[in-house]
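Nothing here was measured: the structure is a model prediction, and the numbers come from that model. Here is the naming used below: chain letters follow the sequence lines, and residue numbers restart at 1 for every chain. Because only heavy atoms are used, hydrogens play no part in the values below, and waters and symmetry mates are left out as well, while side chains stay in.
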Amino acid sequence: MLQIYNTLSRKKEEFQPAKSKHVRMYVCGPTVYARGHIGNFRTFVCLDVLRRVLRNICNYPIKEVINFTDVDDKTIAGASDEGLSLREYTDQHIKDFQSDWLALGIQPVEENPRATDNENIEAMGNLVKELERKGHTYQSEGSIYFRIATHPEYGKLSRLDKKGIKPGARINVDEYDKEDVRDFVLWKPVKAGEPSWDIGFGPGRPGWHLECSAMALRLLGEPPIDIHAGGVDLIFPHHENEIAQSETATGKLFSRFWIHVEHLFVEGKKMSKSTGNVFTLPEIVSKGYRPSALRYLLLSSHYRKQLNFTWSGIEQAEESLRRLTDFLARLDAETSVKKAGQSRVKVKVENARNRFFEALSDDLNTAEGLGAIFDFVRDVNVLLDSGPLIQSDLVAIQKTMDDFDLVLGVMALRKQEDLQLEAPVEEINRLIESREQARKRRDFSFADKIRKDLLSRGIVLEDIAGGTRWKKR
RNA sequence: GGCGCCGUCGCCAAGUGGUAAGGCAGAGGUCUGCAAAACCUCCAUCCCCGGUUCAAAUCCGGGCGGCGCCUCCA
């Protein structure tokens, strides 16, 4: 049974889907105005683990939506700067996001709607009309606002009340005409030269919060949905406002669980362009680190704790992950198995599985889960050192590691990366063979030269009992 | 000013009342042509001060230090 922290109650709660065939989950996706940064990916990797836990540990079918926000000030400005249409401009960035997601082993989800898709714009229009009909809106200077005074529950997620507003807090100049500072715009009037849609209020474009409510309600069906998630920064105002507009429009609870992933910092500081510490995946890769190492790093601490990205940290992640994949390679290479006999791993397998699955089921405790895996790895290495295993034990061990990775998605990712070699396999095997000859005639300097040459091409040779094995560095 | 989080070994990081998981790095050793991998051994009493308790890293109070949200942001 999954226990998960719900921002709404500020407590860990037992999760079960509402009466529905699927877990219905909505994740606030990126605004597509730039290449995604590693902070974005922390959120998406952690929520990918949540998805995998729901599927592979809890065995729930899932319908998950991650949207792309493809219209806002930044995307409009970016498109205009590059002389592209909004669609062309955002297309590029969506493609980049998808490619980074893939590289990080983030599983595709059922729906990736774009705010500006016709059916979504239309759904937004209907939502605004419904809010208007129920008296939750007002117009001012061409914009349609949500009047939070009509929603007494406003603030239940972020727990910010009116008194909490910072004295002297800046109020946007173009929003001075609001009745209450916290009122938010549902629909903005078109500005000259900017893209617009007409959904019955004159040409304009949606406010930021509107799209997510509309898409979630359209794609996931009757509220409440089960889970709504995103980065912590979205709690206020985005999610608070989504709740306000969705719940007043439908008269029903919007989402049962609200799950938020803490921020990633870089070298102790919040990422910001002016500090120059915003990193993208290609930048990480260009420094010689793998996407799998980043994924590992992101999983090595709890999703509700701030995580400080450092180069030493990703180095450590590389090394830790290497230990795991070395172990998998050792299992694959294990040839001296016994046909039958007593199981030597049954208890160890059971203990490791229980500890891992309990950890992940307890609010996604990936760090504890990794601890369970490393203990298991050591135990099995000891057994392997002490003599051959029986076939069924070997299979059980491999199955266990596979099951762990179904949730973490990091070892398979690294194996996949290992397939991209700087030297063809045939050549590696040929060089190993000629090195073997050299070793037999005790020409160790030649043998070492081959190993050194391959190392410079990213291939590590290790001599083991009965031969030589290689791996990618 | 309001709300909230965090402080565990050189680094990363679990543990939230029962006497400190795990990883990286480091030291020594076994194995080995060498190297690597693997294994073994070593490596912390939990920011400080009080309190509660038979028992606290874990609960309470007070400090000190770091951070977040209240404004676009994953």
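- For A/Gln316 against B/rG23, a side-chain-to-base donor-acceptor contact under 3.5 Å is present.
- Of the nucleotides present, B/rC24 is the one that pairs with B/rG10 by Watson-Crick or G-U wobble criteria, both distances under 3.5 Å.
- Looking only at distances, a side-chain donor or acceptor of A/Asn112 sits under 3.5 Å from a matching main-chain atom of A/Ile66.
- Remark: the separation of the P atoms in B/rG66 and B/rC60 is 23 Å, to the nearest Å.
- Here A/Arg378 reaches the OP1 or OP2 of B/rG22: one of its side-chain N or O atoms lies under 4.0 Å away.
- A/Glu262 has its CD atom 9 Å from the P atom of B/rC69, to the nearest Å.
- Look at B/rA38: its Watson-Crick or wobble partner, with both distances under 3.5 angstrom, is B/rU30.
- With hydrogens and angles left out, the side chain of A/Arg439 and the base of B/rG33 share a donor-acceptor pair within 3.5 Å.
- Dashed line: the shortest gap from a side-chain N or O of A/Lys471 to OP1 or OP2 of B/rA36 is not under 4.0 Å.
- Nucleotide B/rG1 forms a Watson-Crick or G-U wobble pair with B/rC70, both donor-acceptor distances falling under 3.5 Å.
- Checked by distance alone, A/Arg451 brings a side-chain donor or acceptor within 3.5 Å of a matching partner on the base of B/rC34.
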N/O to N/O distances under 3.5 Å, protein versus nucleotides 45-47 of chain B:
none

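- Stacking is not found between A/Phe374 and the pyrimidine-like six-membered ring of the B/rG22 base under the 5.5 Å centre-distance and 30° plane-angle cut-offs.
- The residue from A/Phe374, A/Phe327, A/Phe356 that alone fulfils the ring-ring contact (aromatic ring centres under 6.0 Å, His included) condition with A/Phe404 is A/Phe356.
- Base pairing of B/rU19 is not made with any nucleotide, judged by Watson-Crick or G-U wobble geometry with both donor-acceptor distances under 3.5 Å.
- Between the side chain of A/Asn67 and the backbone N or O of A/Gly29 there is at least one donor-acceptor pair closer than 3.5 Å.
- Put simply, CZ on A/Phe97 is 12 Å from C1' on B/rC73, counting in whole angstrom units.
- Of all nucleotides present, none satisfies the Watson-Crick or G-U wobble test against B/rU52 with each distance under 3.5 Å.
- Using a distance-only test at 3.5 Å, with no hydrogens or angles considered, no donor-acceptor pair links the side chain of A/Asp363 to the main chain of A/Ile4.
- The phosphate of B/rG15 (OP1 or OP2) has a side-chain N or O of A/Asn365 nearer than 4.0 angstrom.
- Protein atom CG of A/Asn381 is 11 Å distant from nucleotide atom P of B/rG23, rounded to whole Å.
- Within the 4.0 angstrom heavy-atom criterion, base atoms lie near A/Asp448.
- In this model, the phosphate group of B/rC69 is approached by a side-chain N or O of A/Lys270 to a distance below 4.0 Å at OP1 or OP2.
- Comparing B/rC6 with B/rG10, their P atoms sit 23 Å apart, to the nearest whole Å.
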